[in-house]
Colleague: 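Structure in structure tokens, see below.
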Amino acid sequence: MKVVILKDATEVAKYGAAIFVKQIKRKPSSVLGLATGSTPVAMYEELISAYKNKDVSFSEVKSFNLDEYLGIADDHPQSYRSFMNKELFDHVDIDKSNTEVPPGDAENPIEACDIYERKIFDCGGIDIQLLGIGRNAHIGFNEPSSSLGSRTRVKTLTQETIDDNARFFAKDEFQPHLAITMGIGTILESKTVVLLATGENKAQAIVDTVQGPVTAHCPASALQLHRDAIVIIDEAAASLLKNKDFFKKMEQENMRLEESLGNKRIV
Ligand code: GLP
């Protein structure tokens with residue numbers, strides 16, 4: 001696992017976006033795994049700028065989102081499909097028919113999960129998966145106790161997650177308590193995983209993810225088993241890590257080595 005500690009949320013967004021731009025330039029038909037939540041928004045803004053500056057094109061890109069609330073349709077303002085259209089897809093040249101979000105209004109959600117898995121498989125798998133992290137270290141909607149080998153399925157949300165996400169819903173609005181989410185096993189099969197976290201309220205989740213044991217009770221800790229996982233965090237989210245100086249030194253050494261190798265990334 002590579003841990004990159006940066007000054008603030010702006011630097012985190014820029015660093016994350018640069019990795020995605022590089023991936024798409026290297027393989028224009030990349031399959032992206034995308035995430036929602038407030039953390040990735042600034043990175044999506046960076047991707048939109050890169051597109052507008054003609055630095056990158058999404059015309060051949062395919063995408064799969066991590067999750068969607070169960071019980072709301074695509075066109076619901078709080079659906080993750082609406083979020084993705086608003087924060088990214090409406091502003092770049094991606095073909096929306098190449099973008100997949102789990103169907104929150106599926107008549108048969110269990111079957112829909114299997115179909116989602118098959119679609120990922122049929123595309124040759126996800127090249128690079130973006131993740132945020134919940135305060136309880138959930139990734140996608142894989143709440144604590146999720147099996148580390150889990151696949152796309154219906155999950156019940158914890159009260160903590162429901163409360164954290166209540167800010168996106170009006171006071172009397174229906175807020176789903178269930179979601180369809182890629183499993184941890186699905187996420188681990190992505191060739192590269194990029195997790196972004198900013199702010200002090202993510203510090204405990206980050207120290208558990210990076211320096212705690214690998215356990216289903218800290219879903220993001222499963223990334224310790226991935227061969228190309230990059231955790232990009234600001235100083236606030238890194239505040240509980242034990243050896244921050246070592247991570248910073250390692251990043252400097254990696255950058256030096258990468259430059260000398262023509263910008264090939266060292267995991
Ligand atoms: C939701 C999403 C997660 C996201 C998390 C944290 O629960 N399903 O994918 O990582 O929120 O969101 P935020 O970035 O707003 O803290």
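Every number for a ligand or one of its atoms is a count from 1 in the order of the listing.
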Colleague: Check whether any heavy atom of H138 sits under 4.0 Å from an atom of ligand 1.
Modeller: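 A heavy atom of H138 does come that close to ligand 1.
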Colleague: Test of understanding: given a 4.0 Å heavy-atom threshold, classify the contact between F168 and ligand 1 as side chain, backbone, both, or neither.
Modeller: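 For F168, no heavy atom sits under 4.0 Å from ligand 1.
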Colleague: Check the pair D74, S79 against side-chain hydrogen bond (donor to acceptor under 3.5 Å, both in side chains), reporting the backbone distance first and the verdict last.
Modeller: CA-CA 6 Å; D74 272 8; S79 75; 5.6 Å; no
Colleague: Taking 4.0 Å as the limit for heavy-atom contacts, which would you say applies to S38 with ligand 1: side chain only, backbone only, both, or neither?
Modeller: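 Within the 4.0 Å criterion, S38 contacts ligand 1 through backbone and side-chain atoms alike.
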Colleague: One residue to check: K202. Relative to ligand 1, which of side chain, backbone, both or neither has a non-hydrogen atom less than 4.0 Å away?
Modeller: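 Contact part for K202 vs ligand 1: side chain (C-beta onward).
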Colleague: Does the side chain of V4 come within less than 4.5 Å of K2's, by heavy atoms?
Modeller: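 Yes, close enough: below the 4.5 Å cut-off.
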Colleague: For atom 3 (C) of ligand 1, which candidate among G134, G140, A205, A179 holds the nearest heavy atom?
Modeller: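 Comparing heavy atoms across G134, G140, A205, A179, the nearest one to atom 3 (C) of ligand 1 lies in G140.
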Colleague: Could you find the nearest protein heavy atom to atom 4 (C) of ligand 1 and give me its residue, atom name and distance?
Modeller: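 Heavy-atom neighbour on the protein nearest atom 4 (C) of ligand 1: T36 O, 4.0 Å.
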Colleague: Which protein heavy atom lies closest to atom 2 (C) of ligand 1, and at what distance to 0.1 Å?
Modeller: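 So the nearest neighbour among protein heavy atoms is Y80 OH, 3.7 Å.
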Colleague: Taking the six-membered ring where the residue is Trp, are the ring centres of F89 and F58 under 6.0 Å apart?
Modeller: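 No - the distance between ring centres of F89 and F58 does not fall below the 6.0 Å cut-off.
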Colleague: Under a heavy-atom criterion of less than 4.0 Å, does A35 contact ligand 1?
Modeller: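 It does not; every heavy atom stays at 4.0 Å or beyond.
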Colleague: Can you tell me which portion of R167 lies within the under-4.0 Å heavy-atom range of ligand 1? Options are side chain, backbone, both, or neither.
Modeller: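 Within the 4.0 Å criterion, R167 contacts ligand 1 through side-chain atoms alone.
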Colleague: Considering only heavy atoms of T39, which atoms of ligand 1 have at least one such atom less than 4.0 Å away?
Modeller: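 Result: 13 (P), 14 (O), 16 (O).
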Colleague: Can you confirm whether the side chains of N243 and Q211 place a donor and an acceptor under 3.5 Å from each other?
Modeller: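 Yes, side-chain donor-acceptor contact under 3.5 Å.
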Colleague: For residues 102-118, which residue pairs qualify under salt bridge (Lys or Arg N to Asp or Glu O under 4.0 Å), counting only residues two or more places apart or in two chains?
Modeller: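 Checked against salt bridge (Lys or Arg N to Asp or Glu O under 4.0 Å) - neighbours excluded - the pairs reaching residues 102-118 are E117-R151.
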Colleague: Out of G199, G132, A137, whose heavy atom is nearest to atom 10 (O) of ligand 1?
Modeller: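 The option holding the nearest heavy atom is G132.
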Colleague: Check D164 against ligand 1 and report side chain, backbone, both or neither, counting heavy atoms closer than 4.0 Å.
Modeller: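 The answer is neither; D164 stays 4.0 Å or more away.
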Colleague: If you measure only the distance, is there a donor-acceptor pair under 3.5 Å linking the side chains of T198 and D234?
Modeller: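 No, no side-chain donor-acceptor contact under 3.5 Å.
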Colleague: Relative to the heavy atoms of G37, which atoms of ligand 1 are at a distance of less than 4.0 Å?
Modeller: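 Checking each atom against G37, I get 12 (O), 14 (O), 15 (O).
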Colleague: Is the shortest side-chain N to carboxylate O distance from D127 to K27 below 4.0 Å?
Modeller: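 K27 and D127: salt-bridged.
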Colleague: Quick check against the 3.5 Å criterion: does H226 have a side-chain atom that pairs as donor or acceptor with the backbone of S190?
Modeller: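 Yes; judged by distance alone, with no hydrogens or angles, the pair exists.
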Colleague: Would a line drawn from the ring center of Y69 to the ring center of F169 be shorter than 6.0 Å?
Modeller: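 Yes: the rings meet the under 6.0 Å criterion.
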Colleague: If you measure from the Lys or Arg side-chain nitrogens to the Asp or Glu carboxylate oxygens, is any gap between E235 and K7 under 4.0 Å?
Modeller: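 Result for this pair is no, no salt bridge flagged.
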Colleague: Between V41, I133, I162, L157, which one has a non-hydrogen atom sitting closest to atom 6 (C) of ligand 1?
Modeller: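 Minimum heavy-atom distance to atom 6 (C) of ligand 1 goes to I133.
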Colleague: What protein heavy atom sits nearest atom 8 (N) of ligand 1, and how far off is it?
Modeller: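 Checked against all protein heavy atoms, atom 8 (N) of ligand 1 sits closest to D67 OD2, 2.8 Å.
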